[in-house]
Amino acid sequence: MKHFEANFDGLVGPTHNYAGLSFGNVASLNNAAATSSPKSAAKQGLKKAKALADLGLVQGMLAPQERPDLHTLRRIGFSGTDAQVLQKAAEQAPALLRACCSASSMWTANAATVSPSSDTQDGKIHFTPANLVDKLHRSIEPVTTGNILAATFANTRYFNHHTHLPEHPSFGDEGAANHTRLCPQYGQSGVELFVYGQSVTNPSAPKPAKFPARQTLEASQAVARLHQLDDDSCVFMQQNPDVIDQGVFHNDVIAVGNQNVLFYHEQAFLNTQQKLDEIRQKFNGDDLHFIEVPTAKVSIDDAVRSYLFNTQVVTLPNGEMAIIAPTDCQENPAVYAYLQEVVTLGTPIKHVHYFDVKQSMQNGGGPACLRLRVAMNEVEVAAVNQHTLMNDDLFAKLNAWVDKHYRDELSVADLADPQLVFESRTALDELTQIMKLGSVYQFQK
Ligand code: SUG
């Protein structure tokens, strides 16, 4: 039986814009009110996804959400026709309108936490959509995320879908951005690492002073319970609160794991040595590589600007690993020097590939934010909705679809344009047919 780790990338939605919505995310705040290009954002994402498929990896796409979110705008009291709802929101509560227009579902590392069948007691792949309660614009994602995941991974014989955690700060959950898995081979049981920013039931525990800790220990523990994971295969680690205060709003901005490699910054965690020992003890095998990047080589500031750790570490069909990095890493001298060195260290990482995902990076989303990993065997891959899997045909169809429906430019002022609602709906209607998703936009009128 063959085993793979598939990447499901978020297709960038037609309202991709820079609204400065994410306090604690440096790029989002720095680019607030800049003009975006939804068309090039979507094409940059598709190009990366296709390149990974061409490298021989299993690659899927997850559909974007419907924005502007008129359902939420009506739910908070704006009434009338669609155009009136938008106009009233733009006049009376522009910040709320912006929150209801974000294309943030593109960052599918935040869509859900996923545990593969080799780790779970019932032998199914488990999905829990992230509630994303820390940010208003993201807290409106989980219901539709659940619908899209259920339409993509529909076969209940192999896939077990949970409801997102209760929508309360005690259960702040950001999905796979704070979760990674180490294993000898994808088909073997692994250690699931849950990295949290704070514990709400232990208020004396350290937490950041300036920026929010979006993930709680209580949320991570709840997901581990839902996914039927053994205690012996879970490690709960706390993120260093000082790095959260320097802009590391998710753990995947400072660490990434793949198979027997954990690639992380020296300052990423609290109690690092103790936790690494626990991982080593729970890991099924001896060949485990901890690649720790020292501050002397790459500062936190350089890591946050370049997204060195928001890279994808993938295993190629020949067994060697490659880092999928944003071109921003090439442009940062310290980071570029480090990446030239890392392939010579005698670890499984042998290659680095660079991709331009700047439209997403300007909102704080790198290559790893754009993908949700699902480790699967060949039978499970065959049970996935095949119309979501990347190949020459889907790539051509989606590029043509983007060309037809997406704007070249979008400013924050354009979000009040009723034509944008019409354009987005028309585009998504067509997309649900291309990807054979059924009615995932359950609020759609
Ligand atoms: O939640 N940015 C996203 C970026 C998510 C990155 N994901 C991972 N690290 N996995 C966020 O902060 C910015 C939207 C705006 O400002 O317009 C935003 O939502």
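Small disclaimer: the values here were computed from a predicted structure and weren't measured. As the structure lists them, so they are numbered: ligands from 1, and atoms in each ligand from 1.
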request  = Show the numbers, then the answer: is there a ring pair (Phe, Tyr, Trp, His ring centres under 6.0 Å) between Phe309 and Phe263?
outcome  = CA-CA 7 Å; Phe309 299 96; Phe263 178 49; 5.0 Å; yes
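- The closest protein non-hydrogen atom to atom 11 (C) of ligand 1 is Ser22 OG, 3.4 Å.
- Scanning the protein for heavy atoms near atom 10 (N) of ligand 1, the closest one is Asp252 OD2, 2.8 Å.
- With rounding to the nearest 0.5 Å, the separation of NZ in Lys48 from CZ in Phe355 is 8.0 Å.
- Each of the following atoms of ligand 1 lies closer than 4.0 Å to a heavy atom of Ala109: 10 (N).
- Contacts of Phe269 classified as ring-ring contact (aromatic ring centres under 6.0 Å, His included), with partners at least two apart in sequence or in another chain: Tyr264.
- Taking the charged nitrogens against the carboxylate oxygens, Arg425 and Asp82 do have a contact shorter than 4.0 Å, which makes a salt bridge.
- Close contacts between ligand 1 and Ala177 involve ligand atoms 10 (N) [criterion: under 4.0 Å to a heavy atom].
- For Glu380, there are no salt bridge (charged side-chain N to carboxylate O under 4.0 Å, His left out) partners two or more places apart in sequence or in a different chain.
- Residue Ser28 has at least one heavy-atom neighbour below 4.0 Å for each of these atoms of ligand 1: 13 (C), 15 (C), 16 (O).
- If you number the atoms of ligand 1 from 1 as listed, the ones under 4.0 Å from a heavy atom of Gly20 come out as 15 (C), 16 (O), 17 (O).
- Here the side chains of Arg98 and Val412 are in contact, with some heavy-atom distance below 4.5 Å.
- Set against the non-hydrogen atoms of Asn17, the atoms of ligand 1 under 4.0 Å away are 17 (O).
- Regarding atom 14 (C) of ligand 1, its nearest protein heavy-atom neighbour is Asn363 OD1, 3.6 Å.
- Among Thr15, Ile254, Leu21, the residue whose heavy atom sits closest to atom 16 (O) of ligand 1 is Leu21.
- Heavy atoms of Leu29 stay at 4.0 angstrom or farther from ligand 1.
- The shortest N or O to N or O distance between Ser104 and ligand 1 is not under 3.5 Å.
- A salt bridge does not link Arg181 to Glu5: none of the charged side-chain nitrogens sits closer than 4.0 Å to a carboxylate oxygen.
- A salt bridge links Arg407 with Asp417; the closest basic N to acidic carboxylate O contact falls under 4.0 Å.
- Distances from ligand 1 to the non-hydrogen atoms of Arg138 include at least one value under 4.0 Å.
- A salt bridge links Lys404 with Glu430; the closest basic N to acidic carboxylate O contact falls under 4.0 Å.
- Figure legend: Lys50 and Phe395 shown as a cation-pi pair, the cationic atom lying under 6.0 angstrom from the six-membered ring centre and within 45 degrees of its axis.
- Close approach of ligand 1 to Gly364 (heavy-atom distance below 4.0 Å) involves ligand atoms 4 (C), 6 (C).
- Taking a cut-off of under 4.0 Å to the non-hydrogen atoms of Arg214, the atoms of ligand 1 that pass are 1 (O), 11 (C), 12 (O).
- A salt bridge does not link Asp134 with Arg138: none of the charged nitrogens is closer than 4.0 Å to a carboxylate oxygen.
- For the pair Thr128 (side chain) and His164 (backbone), a donor-acceptor distance under 3.5 Å is absent.
- Atom 17 (O) of ligand 1 has its closest protein heavy atom at Ala19 N, 3.0 Å.
- The protein heavy-atom contact nearest to atom 19 (O) of ligand 1 is His137 NE2, 2.6 Å.
- Using a 4.0 angstrom heavy-atom cutoff, Gln362 does not count as in contact with ligand 1.
- The protein non-hydrogen atom at the shortest distance from atom 8 (C) of ligand 1 is Cys369 SG, 2.8 Å.
- Ranked by closest heavy atom to atom 3 (C) of ligand 1, the top entry among Trp107, Tyr18, Phe309, Tyr307 is Trp107.
- Proximity of Leu132 to ligand 1, defined as any heavy-atom pair under 4.0 Å, is not found for any part of the residue.
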